[in-house]
Amino acid sequence: MSETQQERAARFLEALASLPLRRPSGEPSRDQPIALLWAISRAVERSDRLTSWEKAKTDFRAILTEYGREDATPTPEIAFLELHQFPFWETTGTNGAAPNSGDPHAVTWLTEQAPQGGLEASLYEQLASDKNLCRNAVKLLHEKYFADHRLDLLLLEAGLPDATFDGFGHPPHVRVGDSFKRRRTLARARVHRPTMAGICGTAATGAESIVVSGGYEDDEDYGNEIIYTGQGGRDDKTKKQCKDQELTLGNAALVTSYSTGTPVRVIRGSGGDPQHSPATGLRYDGLYRVDEYWSQRGESNFLVWRYRLRAMDNADKRAATNIARSIPTGNATPGRKETSTQRIIRSTTVADYVKRMHAYACQVCGLRIETPTGAYAEAAHIQPLGHPHDGPDEIDNVLCLCPNHHTAFDFGMLIINDDRTVTQRGSEPRTYQLRETPGHAIKAEYLAYHRNHHEHK
């Protein structure tokens, strides 16, 4: 008489509840619960049911490192061989009986035999089509074997999120300060999806997340402010720049984030600045905004793209989940709150002087905006203030611009040459002559600084 799905599910959960917690040597272990968490995830995601030992070895090492006991050495071969004892496990491609997991020749046998293993077909198909059974299995594993781990993160590991997530803002169930031992687990929790690249995102949608781990020589980390180096052009062996970076891929994604104001998740790795980085593994450090970007010659004299990111305050963080594509609800009765922040102190006297000298007319296009309370223009610093630019807040470093040309200037889409011709880049390039007036001289060195920082846009 064939077994019903209900009977199979009950027998599966019963088997999960009685897994051995010691290796044949007597050493405490949760190899089988961890390996079965991995097997459940493969059914949830409909990955190949049977997995080769070579592939399983890599996955097992990563998941054993993340969820194994602190004092245990990850041993994928033991986990793989011990699954032979689980009633729903199938192994194929071997000649003769498998060795005991404690056999000193176990690794040699696995390498020579190259077996495949996975859940038996009927259970695999049942799990693949029944997410409630998968959730119950993970909850049982959590209760019995993973009391030191959060259930919501185990569900993410198994590919069973409780909420939809478009990739931007805070991931569901993940808290600022959560630690991860491996990039694989970071990806499973949807904090940072790539297992290698430091930037996740595209030029079309913006950057979802970055990893700050000391991988680039030009990175600077000040805690709430990061000056991040873009990707590309690095020698994998020496970690030094060996060629210019390009404004493509992740680098372009961060520019889009600057344009849209969409927050970026920051993850710090143990290889970063010791003052702000975890001692081991990786840590989710919350949401930052890209406040500025530019290009410059880096430490090795190659062109690098740099981005200033600043940590968002708590109110912004709470509002930032799924910010990229969700419809904003707004606030019918917005309130006020007192906050404390640090910023560069700009002289309003300098800005007002420059604007008055030009009668509030844009030095590029001549536009003068009238408002009910008077004319309006914006003061734009040519060499930006603050580290690493350290431009002065003086009249010879300030332009009077309309809002449109101020934005174009900050994006590097407006370049002023030494002869004061102004080049507007883009799909419809134009040329202007900078409007000057006695009493307001611009220093050529600041214009050169701006051109150099935007030379490759």
Side-chain angles (χ1 to χ4, degrees), residues 27-31 34 37-38 58-76 142 145-154 156-157 170-171 173-200 207-231 234-240 250 263-288 299 306-312 314 317 387:
E27 181 185 2
S29 166
R30 48 185 173 199
D31 290 343
I34 294 171
L37 178 66
W38 167 85
T58 302
D59 289 353
F60 279 16
R61 188 175 301 281
I63 196 170
L64 289 167
T65 299
E66 191 71 39
Y67 296 104
R69 298 182 183 276
E70 292 293 334
D71 57 351
T73 301
T75 50
H142 174 254
Y145 313 110
F146 297 103
D148 53 337
H149 289 272
R150 295 212 317 269
L151 173 60
D152 47 17
L153 293 183
L154 289 177
L156 288 173
E157 178 67 49
H170 282 307
H173 313 306
V174 177
R175 305 168 188 168
V176 174
D178 276 348
S179 296
F180 303 85
K181 294 179 183 177
R182 300 287 290 263
R183 289 280 292 262
R184 177 190 178 277
T185 317
L186 197 68
R188 300 288 299 177
R190 299 183 293 176
V191 179
H192 185 75
R193 291 186 293 114
T195 56
M196 293 293 290
I199 305 172
C200 176
E208 298 177 17
S209 56
I210 63 170
V211 174
V212 182
S213 59
Y216 285 84
E217 61 193 12
D218 295 296
D219 282 348
E220 301 176 47
D221 192 347
Y222 303 101
N224 286 337
E225 180 176 298
I226 298 167
I227 298 176
Y228 184 75
T229 307
Q231 62 185 193
R234 187 186 65 170
D235 186 288
D236 290 336
K237 293 181 179 178
T238 66
K239 307 301 182 184
K240 298 286 186 181
V264 178
R265 290 188 298 278
V266 167
I267 299 94
R268 285 184 170 91
S270 59
D273 187 321
Q275 184 176 353
H276 304 292
S277 304
T280 60
L282 304 115
R283 185 185 65 225
Y284 173 46
D285 279 354
L287 300 176
Y288 283 60
E299 185 177 310
R306 308 193 77 190
Y307 307 83
R308 185 194 304 277
L309 294 97
R310 288 194 174 95
M312 296 167 56
N314 289 332
K317 289 176 182 177
H387 183 77

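Positions are given from 1 along the sequence.
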Study note, to complete from the structure: Heavy-atom closest pair (G198 atom, Y228 atom, distance to 0.1 Å) is O-OH, 3.3 Å
Check your understanding: Just one of V211, L282, D221, I210 clears the side chain to side chain contact (heavy atoms under 4.5 Å, CB included) bar with R268, so which one?
Key -> D221
Check your understanding: Is there a donor-acceptor pair closer than 3.5 Å between any side-chain N or O of H142 and the backbone N or O of H149?
Key -> yes
Check your understanding: What is the distance from atom CZ of R265 to atom CG of D285, rounded to the nearest 0.5 Å?
Key -> 13.0 Å
Review point. Does G271 offer a backbone N or O that forms a donor-acceptor pair with the side chain of S213 under 3.5 Å?
Key: no
Exercise for review: Could you tell me the separation between the CZ atom of R182 and the OG1 atom of T195, rounded to the nearest 0.5 Å?
Suggested key: 10.5 Å
Practice item. Could you check if a side-chain atom of V174 sits within less than 4.5 angstrom of a side-chain atom of L153, using non-hydrogen atoms only? Key: yes
Check your understanding: Near R184 CZ, under 6.0 Å, is it more than 12 heavy atoms from other residues, nucleotides or ligands?
Key -> yes
Revision key, fill the gap. Heavy-atom nearest pair, Q231 first then A197, reads NE2-CB, 4.4 Å
Practice item. Could you walk me through whether V191 and S209 pass the side-chain contact (heavy atoms from CB on, under 4.5 Å) test, one step at a time? Key: CA-CA 7 Å; V191 179; S209 56; 5.9 Å; no
Point to revise | Distance-minimising heavy-atom pair for F180 and L186 | key: CD1-CD1, 3.4 Å
Study note, to complete from the structure: Here the gap from I199 atom CD1 to Y307 atom OH, rounded to the nearest 0.5 Å, amounts to 6.0 Å
**Study point:** Electrostatic pair E157:R150 at N-O distance under 4.0 angstrom
**Key:** no
Revision key, fill the gap. Closest heavy-atom pair, M312 versus P263, reported as atoms and distance to 0.1 Å, is SD-CB, 3.3 Å
Practice item. Considering non-hydrogen atoms only, spot the tightest contact between C200 and P194 and give its length. Key: CB-CD, 3.5 Å
Point to revise | pair F60-I34: side-chain heavy atoms closer than 4.5 Å | key: no
Review point. If every non-hydrogen atom of G68 is compared with every non-hydrogen atom of R30, which pair is closest and at what distance?
Key: O-NH2, 3.8 Å
Check your understanding: Taking 4.0 angstrom as the limit, do R306 and E220 come out as a salt bridge?
Key -> yes
Check your understanding: Relative to each other, are the rings of Y67 and F146 parallel, tilted or perpendicular (30° and 60° limits)?
Key -> perpendicular
Exercise for review: Hey, could you give me the OG1/NE2 distance between T185 and H192, rounded to the nearest 0.5 Å?
Suggested key: 13.5 Å
Review point. About how many Å separate CG of D31 and OG1 of T75, when rounded to the nearest 0.5 Å?
Key: 5.0 Å
Review point. Rounded to the nearest 0.5 Å, how far apart are CG of D273 and CD1 of I226?
Key: 10.0 Å
Exercise for review: Run the numbers on L287 and H170 for side-chain contact (heavy atoms from CB on, under 4.5 Å), then give the verdict.
Suggested key: CA-CA 7 Å; L287 300 176; H170 282 307; 3.7 Å; yes
